[in-house]
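Chain identifiers are assigned alphabetically (A, B, ...) following the order of the sequence lines, protein sequences preceding nucleic acid strands; residue numbering begins at 1 within each chain. The basis for the numbers below is simple: all heavy atoms, side chains too, and nothing from hydrogens, waters or symmetry mates.
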2 protein chains.
Amino acid sequence: MAAPKRLNRDALISTALEVADREGLDAVTIRRVAQRHDVTPMALYRHFPDKDGIFDAVIERLLAQVRLPEHDERPWDEQMTELLSGLVEALRPHPNAATLVFSRILSSTPGRDITERTLALLRRSGMPVEQAAETASQTLSSLVALVIAAPGRTGGPEIDEAAAAREQKAALLALPEDRYPHLVAAADAMSSCGSEALYYGRGVDLIVTGMRGAQRPEAVTGR
Amino acid sequence: MAAPKRLNRDALISTALEVADREGLDAVTIRRVAQRHDVTPMALYRHFPDKDGIFDAVIERLLAQVRLPEHDERPWDEQMTELLSGLVEALRPHPNAATLVFSRILSSTPGRDITERTLALLRRSGMPVEQAAETASQTLSSLVALVIAAPGRTGGPEIDEAAAAREQKAALLALPEDRYPHLVAAADAMSSCGSEALYYGRGVDLIVTGMRGAQRPEAVTGR
DNA sequence: ACCTGAACACCGTTCAAGT
DNA sequence: ACCTGAACACCGTTCAAGT
């Protein structure tokens, strides 16, 4: 008879994600995840090839939450906005884990689906294949960056987020005002999101507007 | 008499950066850097408070290379393009280290200078302070993302870059064409930069065009 | 099939010395 | 002032076993 398996892959992924959310990516260790399940570190190797495999699974889960917009006759930029907003929504709750997406979009199935759709919409907008590929790549990584570097985030363990934001703000306000007038004036907005909805809404708009501009060559400056 | 100091802070930073470039960020360890200078790990603690201090110094050096454009009467978007291109040029040779920039732009002097100038140009474009702060934050992190996730980069140790690109391309070409028609068609462009100059030039344009669009409300869709 | 246990080659960092 | 040495509490991972 098979031994009753005590370990569950999905639960392990959840634990890894929780640890990442609460204490940062560096706190996610095989030994720590194992401990939370009252199991030897080596037990995890039944479910993942190695530590990176755990991260792969975490990202796959996050990206799988993204719902692709229905195929319909709406303008491409409207659908693009919906698609990209979906990606942002999926990553927002997990800014620490988001870093892992950079190297993994094309190696997970849901990531490939998102990329495929982005490419499709860019092609529909009139872009040649090569430029669409470049733009898709730039776009998706930029959105990940938006989540990682959202004002108020330190990138660290994030024990007390509000305190970190206050500290950040104080540091900016303490800057010499003659050298950093704008940084001092924007201390508040640079150290915490007034409205996350607005921050991400505008972030997506920045990109989509840039895409639209690429379709109107006269708007592009070049270098 | 003071003992002749064998260790040099700048040289240590160079070593850290070299290791990062060649073998990835994870390969940068205090012990490894120390070993390259024929010194005990503890010797480094004379020059840096801890490991993170080494990373801080690495990023400070990279960002210090960015030359801010002269103050002149050219249009804001032209100056912005120059500024952002300068940042990209500084980071391009060090994609592995670039990840560290996210959490450090505002905590290094050159990073603050870059951010201050970005804010100034956005304000000059007509943006209100809060939006300028948001946009500056989004812009700078997006450019970092461009470097980190440039087609052809795996994010890993990068032993053989060309081989990794070929492998990536083969993986894309092996995808089912009915489900991923665009991904298959764009396999080449998704797995390596045809022209890095074009990739980064268009990347900067994407952002700057997005900024211009924020000044023309009718171009913004919203959500 | 699923998990354990001991071991190996690494980490960052503290503390107490040496010269 | 500058560096060493031993030690501590961690890592990921291999190998060989237990049930």
Separation of atom [atom1] in [X] from atom [atom2] in [N], rounded to whole Å:
X	N	atom1	atom2	value
B/H47	D/dA1	NE2	P	13 Å
A/N8	C/dC3	CG	P	10 Å
A/L7	C/dT4	CG	C1'	13 Å

So, for [X] and [Y], which heavy atoms are closest and what is the spacing to 0.1 Å?
X	Y	answer
A/N96	A/A20	ND2-O, 2.6 Å
B/A133	A/A189	CB-CB, 3.4 Å
B/V66	B/A90	CG2-CB, 3.7 Å

Its contact letters, B for base, S for sugar-phosphate only and - for none at protein heavy atoms under 4.0 Å, make nucleotides 7-18 of chain D read B---BBBBB---
Could you list the donor-acceptor pairs under 3.5 angstrom formed between side-chain atoms of residues 105-114 of chain B and any protein atom two or more places apart in sequence or on another chain?
from, atom 1, to, atom 2, distance (Å)
B/S107, OG, B/R104, O, 3.3
B/S108, OG, B/G111, N, 3.1
B/T109, OG1, B/R112, NH2, 3.4
B/R112, NH1, B/L106, O, 3.0
B/D113, OD1, A/R179, NE, 3.4
B/D113, OD1, A/R179, NH2, 3.2
B/D113, OD1, A/Y180, OH, 2.8
B/D113, OD2, A/R179, NH2, 2.9

Pairs where residues 130-152 of chain A contributes a residue and the test side-chain hydrogen bond (donor to acceptor under 3.5 Å, both in side chains) is met, not counting sequence neighbours = A/E134-B/R202
Let me have DNA chain C in dot-bracket notation, would you? Count Watson-Crick plus G-U wobble pairs, both distances under 3.5 Å, and use [ ] for pairs crossing earlier ones and | for inter-strand partners.
-> ||.|||||...|||||.||
Check every strand shown and say whether B/H37 touches a base, only sugar-phosphate, or nothing at a heavy-atom separation below 4.0 Å.
-> nothing
Go through the structure and list residues passing side-chain contact (heavy atoms from CB on, under 4.5 Å) with B/H182, not counting sequence neighbours.
-> A/E116, A/L119, A/A120, A/R123
Acceptor/donor pairs from residues 30-48 of chain B side chains to any protein atom, 3.5 angstrom cut, sequence neighbours excluded:
from, atom 1, to, atom 2, distance (Å)
B/R32, NH2, B/E23, OE1, 2.4
B/R32, NH2, B/E23, OE2, 2.7
B/H37, NE2, B/T15, OG1, 2.6

Side-chain donor or acceptor of A/Y199 paired with backbone N/O of A/S192 under 3.5 Å | no
